[in-house]
Amino acid sequence: APQTRCHTHHVRLYGLRCLQATVAELKKKFAGLKKAYYPSRQRLTMPPAPGQTSGAALDNSKKLSEYGLKDGSVVHFKDLGPQVGQAFLP
């Protein structure tokens, strides 16, 4: 079977208004800038701790500030690829 490639990017956060946004709001904003990356296709995580390969996933309902993120902090964005709705599943 062919392997799919996942794309991971670093997203740097700027401004206090951004930090008061929820993770879901950040995903919507990112989708507005990059149409291919609609919110259900995005996974945002904290940077991995030393010795770890990935960081903790960010909960859509939480504010970015609840994770201790500050102006200039970085979160990791991963493209999950196209998501199939349940209506299309057998």
Side-chain angles (χ1 to χ4, degrees):
Q3 290 185 334
T4 58
R5 292 185 57 180
C6 294
H7 300 284
T8 302
H9 304 281
H10 298 162
V11 178
R12 188 167 303 275
L13 305 172
Y14 291 107
L16 294 176
R17 187 182 309 174
C18 177
L19 296 173
Q20 292 307 311
T22 63
V23 173
E25 291 169 335
L26 177 60
K27 287 181 176 183
K28 286 180 189 174
K29 182 75 169 175
F30 194 73
L33 299 172
K34 301 284 186 178
K35 301 289 186 216
Y37 298 132
Y38 44 90
S40 65
R41 188 174 171 153
Q42 300 175 38
R43 180 171 187 228
L44 297 176
T45 63
M46 295 293 291
Q52 301 292 317
T53 57
S54 65
L58 303 183
D59 183 307
N60 284 334
S61 64
K62 290 191 175 183
K63 289 185 178 184
L64 296 167
S65 60
E66 291 181 61
Y67 289 99
L69 297 168
K70 298 177 177 22
D71 189 28
S73 291
V74 172
V75 295
H76 290 203
F77 162 83
K78 183 175 183 180
D79 174 15
L80 300 175
Q83 302 298 296
V84 178
Q86 291 183 347
F88 298 109
L89 297 176

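- Between Lys35 and Gly32, the shortest heavy-atom contact is NZ-O, 3.3 Å.
- Under the side chain to side chain contact (heavy atoms under 4.5 Å, CB included) criterion, Lys28 pairs with Pro39, not counting sequence neighbours.
- Distance NZ/Lys78 to CD/Gln42: 13.5 Å, rounded to 0.5 Å.
- Of all the heavy atoms in Tyr38 and Pro82, the pair that sits closest is OH-CA, 3.3 Å.
- Heavy atoms only, all atoms of each residue included: Ala36 and Arg41 are closest at O-CD, 3.3 Å.
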For residues 49-60, which side-chain donor-acceptor pairs fall under 3.5 Å, sequence neighbours excluded?
{"residue": "Asp59", "atom": "OD1", "partner": "Ser61", "partner atom": "N", "Å": "2.7"}
{"residue": "Asp59", "atom": "OD1", "partner": "Ser61", "partner atom": "OG", "Å": "2.7"}
{"residue": "Asn60", "atom": "OD1", "partner": "Lys27", "partner atom": "NZ", "Å": "2.9"}

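- Here Lys29 contributes atom NZ and Lys34 contributes atom NZ; the two are 14.0 Å apart, rounded to the nearest 0.5 Å.
- Ring geometry for Tyr37 against Phe30 counts as parallel: the plane angle stays under 30°, on a 0 to 90° scale with 60° as the upper cut.
- Under the side chain to side chain contact (heavy atoms under 4.5 Å, CB included) criterion, Leu26 pairs with Leu13, Leu44, Leu64, sequence neighbours left out.
- Contact between Gln20 and Glu25 at its shortest, heavy atoms only, is O-OE1, 4.5 Å.
- Side chains of Val23 and Tyr67 form a contact here, defined as non-hydrogen atoms less than 4.5 Å apart.
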